[in-house]
A.B. asks: 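Before anything else, here's the structure in question.
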Amino acid sequence: MKRSLVVISNRLPFVVTKNENGEPVRKNSAGGLVTALAPLVIKNKGYWVGWAGNDLTEDMEIPESDDPTAIAHGIKASQIKPIYFTPEIFQSFYNGFCNATLWPLMHSLPTLAAFKSDQWNSYVNVNEMFANAAFEAVKKFDSYEDKNNLVWIHDYQLMVTPMMLRNLLDEANISCKLAFFLHIPFPSWDIFRLNPWANEMLLGLLGCDLIAFHTNTYAINFIECCYHILGSRIDKQEMLVEYGNKTIIVRALPLGIPYNWFEDTAKASPKPFHCKETIILGVDRLDYTKGIIHRARGYERFLEKYPECREKVVFFQIAVPSRTDVDDYRNLKDELEREIGRISGRFGTAEWTPIKYIYNNIPQYELAGYYRDARIALITAVRDGMNLVAKEYVACQIADPGVLVLSPFTGAGETMHEALLVNPLEQEMLADTIKNAYDMKYHERKLRMNALQTRERLFNLDTWRDSFFDAVDLIDSVKKMQSLNLYDFETWLDPLIRGYRLTVILDYDGTLVPIKPHPDLAVLSDEVKDLLQKLIDFKLVDVCILSGRSMENLSKMVTLRDINLAASHGMELKLANGIEEENEQAIIFKNKVPELAAELKENVCHYGGWIEEKKYHVTFHWRDTNPSLRPTMVQRAKEIIQKHGFQALNGHCTVEARPSIGWDKGRGVYNILERLHGVTWADNVRTIFIGDDETDEDAMRALAGLGITFRVGKPNIRTHASHRLPNPDAVKVFLEWAVEYAESKKKYYLSTPSERRSQGLVKRDRSR
């Protein structure tokens, strides 16, 4: 299928360097990602967004390829959207947040992670650069309505790019699917939550339609993170996450290798070893996640425990240089070389060196020969997203089959069960497994290797790519999550409110009623009014509506019996217990409102803007303004508001002028609860608060740990709420749950103990 396609990855499929004349030239990049995706970009005349190396500056043009053998040769310069880094940005973004924070955290090594706000800010800024570049590429698509349009984003460097790009696309009314593939592990939620910006990163990923991982474990970890950290609805059986009004599909799609290429290359690769001993091989990028030190010590224990194997084996360790400008990696190199020297000194003889160490990049053509001729491959990572070395070794076993010794803490370990799986952290086990591999007879080696080769030949790199696109093409037809129902609220709320009196505080606009072009059009439906009145009449749940509207307006819109009303963000109260009050400090600002409103009308009420004048507030509505003039009008409105001594706060397509008295909805809910239940309300009361915009976030922050909060609306903004609801219809479902809850409590209190047991009310009692 032909589709408009943009690929986004941290690096482009080539690096731009300068030749001896100072002219920019392409230097080809190797790797599975380039092999799998470059032909697709060429075929679909798509675009690739990424960084081309430090030599490429903004005043240089991307050169065309001069190597017809390169996989990315057919990608023209016009198809490249380059990202430019200064050395400072590269240090803070890449060496900083990506590799000093995310890399250890995602590999479940949180004590090695450094969390620094300035590096996080660099990460966000760079992701925004990628999102903007991708948006410019998408704008060149032939059609903005084609459902096959796709942006495919790759890896941990770009985890907040999806939501940034989604917001740009939605603003421009461009239809485009977004998909993401993570090439490293995703940790369990109790590890990921250690990240101070876990909320923002999960939210960033949820801009996608499809999110894929190497293994089912990583996919489930992500889903559980969304549940525990964001309060999302999830379906682990169908692998779905619902956040706000959007359902995201999560899949496990393990990456494969170009199997036939490795198999063919192994047949032609030169012989690398010229010794009679059995070869044990380790091949790794030099990184602390690869378990190379543990491997060396396990091999040492093997030689110690099984002296009959000395001078019969040689351990070749190939360590590919990595991040050589980072102190931790230089220290790791020094430690590894000390260990190798110590072990060789302990067991070596004049004729035999037990470990041979190569610190260099080995071309893939030559590496295939190392794989082919090694009897044992030691893959002992303490954590690895997949580990393609294990698969490459299997593909190159074309003659006398070898034995794969594999850590179960790799993604490959979840499927390559015929390997000898061993925990690399325990030296005794590792030594015994090496001995088992050394002693294994031909028949068993052949049996295990054949099974491994059959799987890897089938689930190769092409299969991975095709499976991903199959999942993308099925996005629109995949079964979505069931609609929000009473059971969801029972699951969320029952454990937290048991034993407490319940108070429900609800915002009005955007929560109980959809946002309307004019506030007077936002009228409660008969169904919602009936549910609210039923809930109030039970007299077992306190119900309050907290709004930014004036009390005069709110009382006109809400005419329910015994309802508690809190207007002007709680600065005006009219409670069912007879309490009516106004905030004394706010009264001072009442006389300033007409003058402020007049100046706003004169300066910003053009091209669709209009002013709503309230008792203590003035709201500038910009929803219908000219988009090109909107930023200037909003900024001007804020300047005028601040000049008059008010706070300027963003709302739903509004800027609100609020009295500068340090009041917000957080103080508003505290004041309501104190007036209803006294100053010790938190001892006996649990509060449920539901709102839809930035002004409601203050209440959500205030009720953290003291109640349960819900944010209504689109999921593209961070929230302090416990859970998300997609729209006011979901709030109606909540009210249905609340009515059922109150009804069950009433039945409980009116029944005798024997009646409760016979009717099953004891089990349903939520107050014990």
Side-chain angles (χ1 to χ4, degrees), residues 1 7 9 13-14 28-44 65 67-75 152 154 181 183 212 214-215 252-272 281 283 318 320 361-375 377 379 384-404 406 410-419 445-471:
M1 177 190 296
V7 172
S9 60
F14 53 82
N28 299 318
S29 298
L33 188 65
V34 177
T35 302
L37 299 187
L40 280 174
V41 173
I42 295 167
K43 175 185 174 183
N44 292 283
S65 173
D67 180 4
T69 65
I71 295 172
H73 174 71
I75 301 180
W152 190 356
H154 288 268
F181 188 84
H183 293 259
H214 282 302
T215 72
L253 300 171
L255 182 64
I257 61 168
Y259 188 95
N260 291 338
W261 185 90
F262 276 97
E263 187 176 47
D264 293 341
T265 304
K267 295 174 183 176
S269 184
K271 183 177 176 65
L281 180 67
V283 179
I318 298 173
V320 178
N361 279 296
I362 305 293
Q364 289 275 28
Y365 178 78
E366 294 180 22
L367 193 58
Y370 284 85
Y371 289 144
R372 180 196 61 216
D373 295 344
R375 171 58 63 85
I379 312 295
D384 209 338
M386 175 52 70
N387 196 293
L388 298 181
V389 168
K391 296 172 180 277
E392 292 166 3
Y393 173 75
V394 166
C396 293
Q397 291 296 296
I398 58 173
D400 188 7
V403 181
L404 175 62
L406 182 61
T410 64
E414 289 200 16
T415 58
M416 302 180 80
H417 307 299
E418 299 82 3
R445 286 189 278 118
K446 183 69 174 174
L447 191 71
R448 290 177 178 274
M449 189 55 64
N450 280 353
L452 288 166
Q453 289 178 332
T454 298
R455 182 186 300 106
E456 298 312 318
R457 186 180 287 111
L458 179 62
F459 296 104
N460 57 33
L461 183 61
D462 291 339
T463 303
W464 170 76
R465 180 192 60 212
D466 295 344
S467 298
F468 197 95
F469 280 102
D470 288 344

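Keep in mind that what you see is a predicted model, and the values were worked out from it rather than measured. All heavy atoms count here, side chains included; hydrogens, waters and symmetry mates do not.
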A.B. asks: Can you tell me how far OG1 of Thr454 sits from CZ of Phe459, rounded to the nearest 0.5 angstrom?
C.D. replies: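 Output value for this atom pair is 11.0 Å.
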A.B. asks: For Glu418, run the salt bridge (Lys or Arg N to Asp or Glu O under 4.0 Å) check against Lys446, Arg445, Arg455 and tell me which one passes.
C.D. replies: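 By the salt bridge (Lys or Arg N to Asp or Glu O under 4.0 Å) criterion, Glu418 pairs with just one of Lys446, Arg445, Arg455: Arg455.
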A.B. asks: What distance separates His417 NE2 from Leu406 CG, expressed to the nearest 0.5 Å?
C.D. replies: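 Between His417 NE2 and Leu406 CG, I get 10.5 Å after rounding to 0.5 Å.
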A.B. asks: Go through the steps to decide whether Ile318 and Leu367 satisfy the test side chain to side chain contact (heavy atoms under 4.5 Å, CB included), and finish with yes or no.
C.D. replies: CA-CA 10 Å; Ile318 298 173; Leu367 193 58; 3.9 Å; yes
A.B. asks: Answer whether the closest heavy-atom distance between the side chains of Asp373 and Pro272 falls below 4.5 Å.
C.D. replies: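 In short, these two side chains touch, coming nearer than 4.5 Å.
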A.B. asks: To the nearest 0.5 Å, tell me how far Leu255 CG sits from His214 NE2.
C.D. replies: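 Rounded to the nearest 0.5 Å, the CG-NE2 separation comes out at 5.5 Å.
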A.B. asks: Give a yes-or-no answer on whether the side chains of His73 and Ser65 include a donor-acceptor pair shorter than 3.5 Å.
C.D. replies: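 Side chains of His73 and Ser65: pair found under 3.5 Å.
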A.B. asks: Going by heavy atoms in the side chains, are Arg465 and Leu40 under 4.5 Å from each other?
C.D. replies: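 SC-SC contact between Arg465 and Leu40 confirmed.
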A.B. asks: The test is side chain to side chain contact (heavy atoms under 4.5 Å, CB included); show your working for Gln453 and Glu263 and say whether it passes.
C.D. replies: CA-CA 10 Å; Gln453 289 178 332; Glu263 187 176 47; 6.0 Å; no
A.B. asks: Taking side chain as C-beta onward, heavy atoms only, is Met386 less than 4.5 Å from Lys391?
C.D. replies: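 Counting from C-beta outward, Met386 and Lys391 do come under 4.5 Å.
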A.B. asks: Please name the pair of heavy atoms, one in Pro13 and one in Ala72, separated by the smallest distance, quoted to 0.1 Å.
C.D. replies: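 In this case the closest contact between Pro13 and Ala72 is CB-CB, 3.9 Å.
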A.B. asks: In the structure I gave you, are the side-chain heavy atoms of Asn460 and Pro258 within less than 4.5 Å of one another anywhere?
C.D. replies: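 When only atoms from C-beta onward are counted, Pro258 and Asn460 do not touch, as no gap falls below 4.5 Å.
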A.B. asks: Are Tyr393 and Met449 close enough, and set up right, to give a side chain to side chain contact (heavy atoms under 4.5 Å, CB included), and what steps lead you there?
C.D. replies: CA-CA 10 Å; Tyr393 173 75; Met449 189 55 64; 4.1 Å; yes
A.B. asks: Answer whether the closest heavy-atom distance between the side chains of Tyr365 and Pro270 falls below 4.5 Å.
C.D. replies: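 They are in side-chain contact.
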A.B. asks: Would you say the side chain of Trp152 lies within less than 4.5 Å of the side chain of Leu37, judging by non-hydrogen atoms?
C.D. replies: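 Leu37 reaches Trp152 side chain to side chain.
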A.B. asks: Identify the heavy atoms of Leu253 and Ala212 that sit nearest to each other, and give their distance.
C.D. replies: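 So the two residues come closest at CD1-CB, 3.8 Å.
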A.B. asks: When rounded to the nearest 0.5 angstrom, what distance separates CD1 in Ile257 from CZ in Arg457?
C.D. replies: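 Rounded to the nearest 0.5 Å, the CD1-CZ separation comes out at 10.5 Å.
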A.B. asks: Within the 4.5 Å heavy-atom criterion, are Gln397 and Leu404 side-chain neighbours or not?
C.D. replies: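 SC-SC contact between Gln397 and Leu404 ruled out.
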A.B. asks: If you take all heavy atoms of Arg372 and Ser269, which pair is closest and at what distance?
C.D. replies: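 Minimum heavy-atom separation between Arg372 and Ser269: NH1-O, 2.8 Å.
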A.B. asks: Could you label the plane-to-plane angle of the His154 and His183 rings as parallel, tilted or perpendicular, counting under 30° as parallel and over 60° as perpendicular?
C.D. replies: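 Aromatic pair His154/His183 classed tilted.
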A.B. asks: Determine, stepwise, if the pair Trp464 / Leu461 fulfils side chain to side chain contact (heavy atoms under 4.5 Å, CB included).
C.D. replies: CA-CA 5 Å; Trp464 170 76; Leu461 183 61; 3.9 Å; yes
A.B. asks: What is the distance from atom OH of Tyr259 to atom CD of Glu456, rounded to the nearest 0.5 Å?
C.D. replies: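 Result: 8.0 Å between the selected atoms.
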A.B. asks: Under 4.5 Å between any side-chain heavy atoms of Val389 and Tyr371, yes or no?
C.D. replies: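 Result yes, sub-4.5 Å side-chain heavy-atom pair found.
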